[in-house]
Number of protein chains: 2
Amino acid sequence: MLTIGTLAKKTGTKVQTIRYYEQIGLMPEPGRTEGGQRRYGNAELDRLSFVRHARQLGFSLDAIRELLDLSDHPGKSCAEADAIARRQLKQVEQRLARLEALRTELKRMVHECSGGQTSDCRVLEVLRDHSECLTEHEDIGA
Amino acid sequence: MLTIGTLAKKTGTKVQTIRYYEQIGLMPEPGRTEGGQRRYGNAELDRLSFVRHARQLGFSLDAIRELLDLSDHPGKSCAEADAIARRQLKQVEQRLARLEALRTELKRMVHECSGGQTSDCRVLEVLRDHSECLTEHEDIGA
DNA sequence: CTTGAACCTACAGTAGCTAGAGGATGTAGA
DNA sequence: TCTACATCCTCTAGCTACTGTAGGTTCAAG
């Protein structure tokens with residue numbers, strides 16, 4: 001039987017985060033000691049590992065909820081899980097494209113800084129100059 | 001004189017976002033009509049363009065506040081602005097590295113999906129199997 | 001003068017946690 | 001057994017960067 005702290009260490013999660021997952025129904029309510037402290041078993045350890053791994057892959061908590069549901073019903077079609085993963089992959093590729101553009105522009109900004117006064121600063125100039133903006137009025141993703 | 005809606009369209013910002021920027025002190029309080037509606041000039045248009053551009057480049061609102069401050073004091077050293085941009089570049093490169101790793105793993109998941117039942121699903125298997133996790137206990141960034 | 005789009009304030013909600021207060025529990029050593 | 005103290009508990013508020021809604025007012029065109 002694991003305390004919440006031990007579970008936290010084993011999965012690289014904060015204690016509060018585990019309680020938060022319980023609160024939003026992503027983790028089940030565990031057993032308690034007489035004094036009211038949570039005690040976990042291996043099933044919970046596996047489930048939390050699944051959740052953390054999926055989070056590291058960028059899945060939203062909602063997507064993870066779906067994946068857990070699929071995982072709980074082994075007879076269901078794999079297609080849904082595949083669709084979720086594909087959606088995730090698409091999002092990741094979009095973010096990559098954006099970030100690569102940002103890197104280019106930031107590099108340019110840094111290289112062109114002459115080290116003088118801010119009035120000559122390319123960093124500020126690039127940000128001021130709207131016409132150099134590559135991606136106009138695009139939404140700002142995370 | 002621009003209404004808030006026109007300013008929003010010109011900069012690709014939502015009206016509420018402009019009011020929010022005003023509230024947190026990123027945009028100045030503009031002039032008002034007799035009826036109390038906001039009216040903007042070119043200075044505000046420039047400032048908001050600066051903010052949006054910086055946001056698209058991934059700068060936090062705090063970083064933008066610093067940049068605006070530098071921009072408002074043209075005598076200051078450029079080094080600070082440069083430092084902010086460098087910090088930002090570093091973050092972008094870290095995010096890129098993470099996302100590239102994620103893409104690899106997601107691609108593998110998707111390609112290996114056999115199309116059968118969830119009990120054989122590679123997507124779920126990969127998420128379940130902690131040992132295949134490349135990046136253990138790393139923090140989850142945006 | 002009327003209509004309707006755009007404006008106003010104020011407040012609540014989003015994701016995904018994180019931090020703190022103030023107090024209870026569990027366990028190891030003396 | 002007592003004590004110390006790390007860990008646990010609940011509850012609430014805060015974070016970033018917005019977004020949405022309700023209920024009401026103003027502006028400009030026809």
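Just the heavy atoms: all of them, side chains too, but no hydrogens, waters or symmetry mates, feed the values below. Here is the naming used below: chain letters follow the sequence lines, and residue numbers restart at 1 for every chain.
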- [ ] Mind calculating the distance between CD (E22(B)) and P (dA17(D)) to the nearest angstrom?
- [x] 18 Å
Task: Separation of dA24(C) P from E34(A) CD (nearest whole Å) - done: 18 Å
- [ ] Find the distance between CG (L48(A)) and CG (L26(A)) and round it off to the nearest 0.5 Å.
- [x] 9.0 Å
Report all interatomic pairs (protein N or O, nucleotide N or O of nucleotides 12-16 of chain C) with separations under 3.5 Å.
from: dG16(C); atom 1: OP2; to: L61(A); atom 2: N; distance (Å): 3.3

- [ ] Enter the distance from M27(B):CE to L7(B):CG here, rounded to the nearest 0.5 Å.
- [x] 6.0 Å
Task: Side-chain donor/acceptor of E44(B) to backbone N/O of G41(B), under 3.5 Å - done: yes
TODO: Round to a whole Å and report the spacing from CD of Q23(B) to P of dG20(D).
DONE: 16 Å
Task: Rounded distance [0.5 Å steps], CE in M1(A) versus CG in N42(A) - done: 9.0 Å
Open item on the list: Suppose we screen for side-chain contact (heavy atoms from CB on, under 4.5 Å). Which residues come up paired with T17(B), at least two apart in sequence or across chains?
Closed with: T13(B), K14(B), Y21(B), R52(B)
Task: Short N-O contact, D82(A) and R86(A), less than 4.0 angstrom - done: yes
Open item on the list: Tell me the interatomic distance from M27(B), atom CE, to dC18(D), atom P, rounded to whole angstroms.
Closed with: 13 Å
Open item on the list: Once side-chain contact (heavy atoms from CB on, under 4.5 Å) is applied, do any residues pair with R87(A), and if so which ones, sequence neighbours excluded?
Closed with: E66(A), I84(A)
Task: Where at least one partner belongs to residues 30-40 of chain A, residue pairs that pass side-chain hydrogen bond (donor to acceptor under 3.5 Å, both in side chains), sequence neighbours excluded - done: E22(A)-R38(A), Q37(A)-R39(A)
Task: Rounded distance (Å) that lies between atom C1' of dG20(C) and atom CD of Q16(A) - done: 9 Å
- [ ] Ignoring hydrogens and angles, tell me if any N or O in the side chain of E93(B) forms a donor-acceptor pair with the backbone of K90(B) under 3.5 Å.
- [x] no
Task: Validation row: V51(A), T11(A) side chains within 4.5 angstrom (heavy atoms) - done: no
TODO: Take atom CD1 of I24(B) and atom C1' of dT16(D), then tell me their distance rounded to the nearest Å.
DONE: 9 Å
Open item on the list: I need a per-nucleotide contact map over nucleotides 2-10 of chain D, read 5' to 3'. Cutoff is protein heavy atoms under 4.0 Å; write B for the base, S for backbone only, - otherwise.
Closed with: ------SSB
Task: K14(B) NZ - dA17(D) C1' separation (whole Å) - done: 13 Å
Task: Rounded distance (nearest 0.5 Å) linking atom CD1 of I64(B) with atom CZ of R47(B) - done: 11.0 Å
Task: For atom CZ of R65(B) and atom C1' of dT16(D), their distance in whole Å - done: 12 Å
Pairwise N/O distances under 3.5 Å, protein to nucleotides 22-24 of chain D:
none

